[in-house]
Structure formats: C-alpha cells, structure tokens
Number of protein chains: 2
Amino acid sequence: MPRSEESADPDASPDRGADSPESLQRPYHHGDLRRSILAAALEVIADQGPAALSLRDLARRAGVSHAAPAHHFRDRTGLLTAIAAEGYALLAETLSAADGLREAGVRYVRFAREHPAHFVVMFRPELLRTQDLELATAQALASHSLRSAVGSVPAEERGEDARLAGVAAWSLAHGFATLLLSHNLDDAVGERDPEDVFRALGEMLFRSAGS
Amino acid sequence: MPRSEESADPDASPDRGADSPESLQRPYHHGDLRRSILAAALEVIADQGPAALSLRDLARRAGVSHAAPAHHFRDRTGLLTAIAAEGYALLAETLSAADGLREAGVRYVRFAREHPAHFVVMFRPELLRTQDLELATAQALASHSLRSAVGSVPAEERGEDARLAGVAAWSLAHGFATLLLSHNLDDAVGERDPEDVFRALGEMLFRSAGS
DNA sequence: CGACGGATCTTGACAGTGACAAGATTGCAC
DNA sequence: GTGCAATCTTGTCACTGTCAAGATCCGTCG
C-alpha cells in the first residue's frame, strides 16, 4: 500500500521555512483531492472489493481530515456512483472504437481486465445512485455503443434476431470477464492470453469466418 | 422492514413442548437460531445485496441479542461463507441431475434466479473464507458436476477442445445469469421467460440440434 | 436423582465507520 | 482590498463488528 507521495515527514527537517508557524506542512487546500481520492478508491476496490472501501481510510491516505471526501462525493454511494459513471464513459469510448461485434467483445474483456475496479462497481446497482444524471448519461452512451456494435453484424450471421445476438455476445463477454476477475478461470486459461481464449469463444458463438 | 418474528416451532427437537416455560417472552435458547439467521440473511441479500447485511440486524430480526449470531457463524465472513457453501452444494445437486451441457446451462440460470442470494455470494471471494473446509468441498462438488456436464457433450459438437466448450458454456450462462440479476437484461428479455431466451442463446453457441 | 460440563445466549465494552453540523481557511471575482 | 463561495477541519452521533465475561439451559454420566 503505497502511501500518497506528498506530506512527507512532519518535523524531520529542523531548518525549514521559518515563517510557517509550527505545523501545517500541507496546505489547507489539497489541490486535487477529488482525483486523489478516486485513484485511491480504485486501488482499494481493485484488490479488496468495494466492501472494503472506507471514506475515512481514503481521507487518511490523501492526508486530509475524515470529512473532506464528503464535499466532493457527498456520500460513499456518491463516490461509487462517480466511479461507475467514469467506467461507463470509458467503456463507451472503448466500444465505439471497435468495428464488429467480435472485436467489441474482445474490447469488453480487455476493459474489465484493465479497469477491474470500474468494472466491478458498474454492475452493482445496489451500491449506486442509479438516478444520478452523470451516471445515466454515461450508461446510455455505453449502451448505444454496444447496440451499434450489435447492429454491425451482417444479417446472415446473426440468426433470427439481432437483439438475441447482442444478448448472447454480451452474456458471453460479461460472463467471461466476471469469471476471470473472480479467478474462476485461472485453471482453464492457464498461461494463455485471456484475450486469445475469449476470441476462440467468440468464434464458437459466431461460427463464420470474417472479421 | 418486516419483523419476521415467526419463531416457527422447530420440529427438530422431539420432546420439547411439554415443559416449555410460559412466563418468559422468549426462551433463552432460540431453538433454531442458525437456520433463522440464514433465512433472514438470504432475504436481505436477495434484495439489498451482501453489503447491506448487518449481523446485529439479523439478531434483532431473530429476537436474540446482538452477539448471538457469532456463536453460530463466528464472523460476518463466516456467515457469508456458510451461505456460499450451501449455494455450491445446491448448485452441485442441480447440475448433477442434468444431462447434456445445454440443460446444465439452463439449470445454472434457473439456480441463479431461484437462489439469487446464494448465487451472488458464491462469486464474491473477497467476502468469503476461501480456505474453509465445508466451502472448499462444496465447491469441488459443484466443479465436478460442471465438468461432467461438459464431458457429456458429443465430441463432434464441441470444436477442438472440451475445456474450451466448458468455458464458453459457463461464461454464457454465468454472464446471462449475472446480467439478469442486475436487471441489465430487463429490456432485452421483456415478457419472455428468461429460460427460453437462454435456451436460444445455448443453441447459438452449440449449433447442432440434439438434446 | 443430581451435579457438572459444554453448548447456547446475554451483557458490556471498544474501536472503527458514515453522516451531519458548524466553524476555520482559502482563493477568486468584483 | 472585500466579500463570498468553495474547500477543508473539528466535533459529534448512531451504528456496526468483534471480543470478553457472565448467565442460562441441556444432555449426560456419576
């Protein structure tokens, strides 16, 4: 657990700027507290899950008082909501750059591996303020990207129903990503690159050649 | 929150009713506290998630003191571990009764819908005592059931690798179940029976006819 | 029949947490 | 510069999980 870089040692250096009376090495205003807290939160969530998240702990890491985070996120729920919104925005961007449903799936899995904390929080509605505006718009954006990826599948490939193909692809990618993150596929994947494994799954689902 | 002050007479203890003390509001011994707490916990988790679980609240619902649950489950973690173990045992039983990978998938999804609390907790390793003996054996049992379902797929259906087919099926079922429980497929599924939808997905994955 | 040991439950305490309110400090627009 | 709003602090409260020590009950063995 790397402590945050600043703050350093309190009174190790005797010959410091003389005009600063006694304490207060750190300025009253943190400068970028919001970002700081988000970063620390992502770190905690990534390796201990959202349940282990403590606002007071985040405040301590950032070197601010216990109530400081509340001003930026209002709530624990607010913090998680902000993370989820950021996650959906990132995912939307990632997916929109993909052409073809297969590639979108691969990107979905890659996103989950590169942003595990975001990914985990995004699918825990009970921890979020689902009516939050920023979250809702980011969600809509991601949903749109996904839908357009589904639409790009040639008609003859996708069975009777495009929507069904979308659900299938999403389920496959989401299930694979989730099981991967919860270490349920460690044995099955072994040394191989998870993305390659997933590509093989995608080809089982959409049997044709093509992109 | 409904106070489930049931205290339904446990039929487990045979000769009990004769000399039950009438003066006390509740007997010193609850009678079936472990089961009571488990039931209440499942209820809470099913509609608020594991994060909302409070041992003290469960104790209140069961009408016992705040420290009573600890004797049966040691920890919050212990309680969740017990639930997960029960879940894996149930799942193993369910899967072992299926013939064919497709049917196993359907049963997997059904299990998730019928036991959402179990299902959710089973895949949150960070909340569990993963080295717990009961949990590990139940997990092994379920894993065995799943593996045998994979093995039952005729060779010509399952592409190059049985293990890959297993991962595909598991990912598809797990993803579908997860997205279903988190209400991400409400629109896509609509009025249809989720099991029917999933059957269609299964047929996309394993294109042949057969069982 | 009676005592005793273990299982079950209670009471009390402690540290940690999220949330709120009220005050201190700072930067910025005017 | 002055005032104001954003930012951060301090103090507090109810609640939680966990531990320790005691009370009560049960089956069992003498």
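Here is how names work: the chains are called A, B, and so on, in the same order as the sequence lines, proteins then strands, and each is numbered from 1. Here the structure is a predicted model, which is why all the values come from computation and not from measurement.
Rounding to the nearest 0.5 Å gives a distance of 5.0 Å between CG of B/Leu185 and CG of B/Leu179. Interatomic distance, CD1 of A/Ile83 versus CZ of A/Arg124, reported as 12.5 Å (0.5 Å rounding). The structure places CE of B/Met122 at 8.5 Å from CG of B/Leu90, a figure rounded to the nearest 0.5 Å. Remark: B/Leu172 CG to B/Leu205 CG distance equals 5.5 Å, nearest 0.5 Å.
Rounded to whole Å, the distance from CZ on A/Arg56 to C1' on C/dC20 is 11 Å. In this entry the distance linking CG of A/Asp57 with C1' of C/dG18 reads 14 Å, nearest Å.
Below the 3.5 angstrom threshold, one finds no donor paired with an acceptor across the side chain of A/Arg34 and the base of D/dT7. Applying the 3.5 Å distance criterion, the base of C/dG16 shares no donor-acceptor pair with the side chain of A/His66.
Residue contacts shown for B/Leu58 are absent, as no nucleic acid heavy atom lies under 4.0 Å away.
Remark: aromatic rings of A/Phe123 and A/His174 are close, center separation under 6.0 Å. Checked against a 6.0 Å centroid threshold, the rings of A/Phe111 and A/His115 count as neighbours.
Taken over five-pair windows at either terminus, the axes of the helix from C/dC1-D/dG30 to C/dC30-D/dG1 are inclined to one another by 0° (rounded to 10 degrees).
In this model, the phosphate group of D/dC15 is not approached by any side-chain N or O of B/Ser54 to a distance below 4.0 Å at OP1 or OP2. Here A/Arg60 does not reach the OP1 or OP2 of C/dG16: none of its side-chain N or O atoms lies under 4.0 Å away.
For the pair A/Asp132 and A/Arg74, the salt-bridge criterion is not met [side-chain N within less than 4.0 Å of a carboxylate O].
No donor-acceptor distance shorter than 3.5 angstrom exists from the side chain of B/Tyr108 to the backbone of B/Trp170, with no hydrogens or angles considered.
Other residues, nucleotides and ligands contribute only 12 or fewer heavy atoms inside 6.0 Å of the CZ atom of B/Arg35.
Out of D/dT9, C/dG18, C/dC9, the shortest distance to the side chain of A/Leu55 is found at C/dG18.
Of the residues in residues 67-81 of chain B, B/Ala67, B/Asp75, B/Arg76 come within less than 4.0 Å of DNA chain D through at least one heavy atom, sorted by number.
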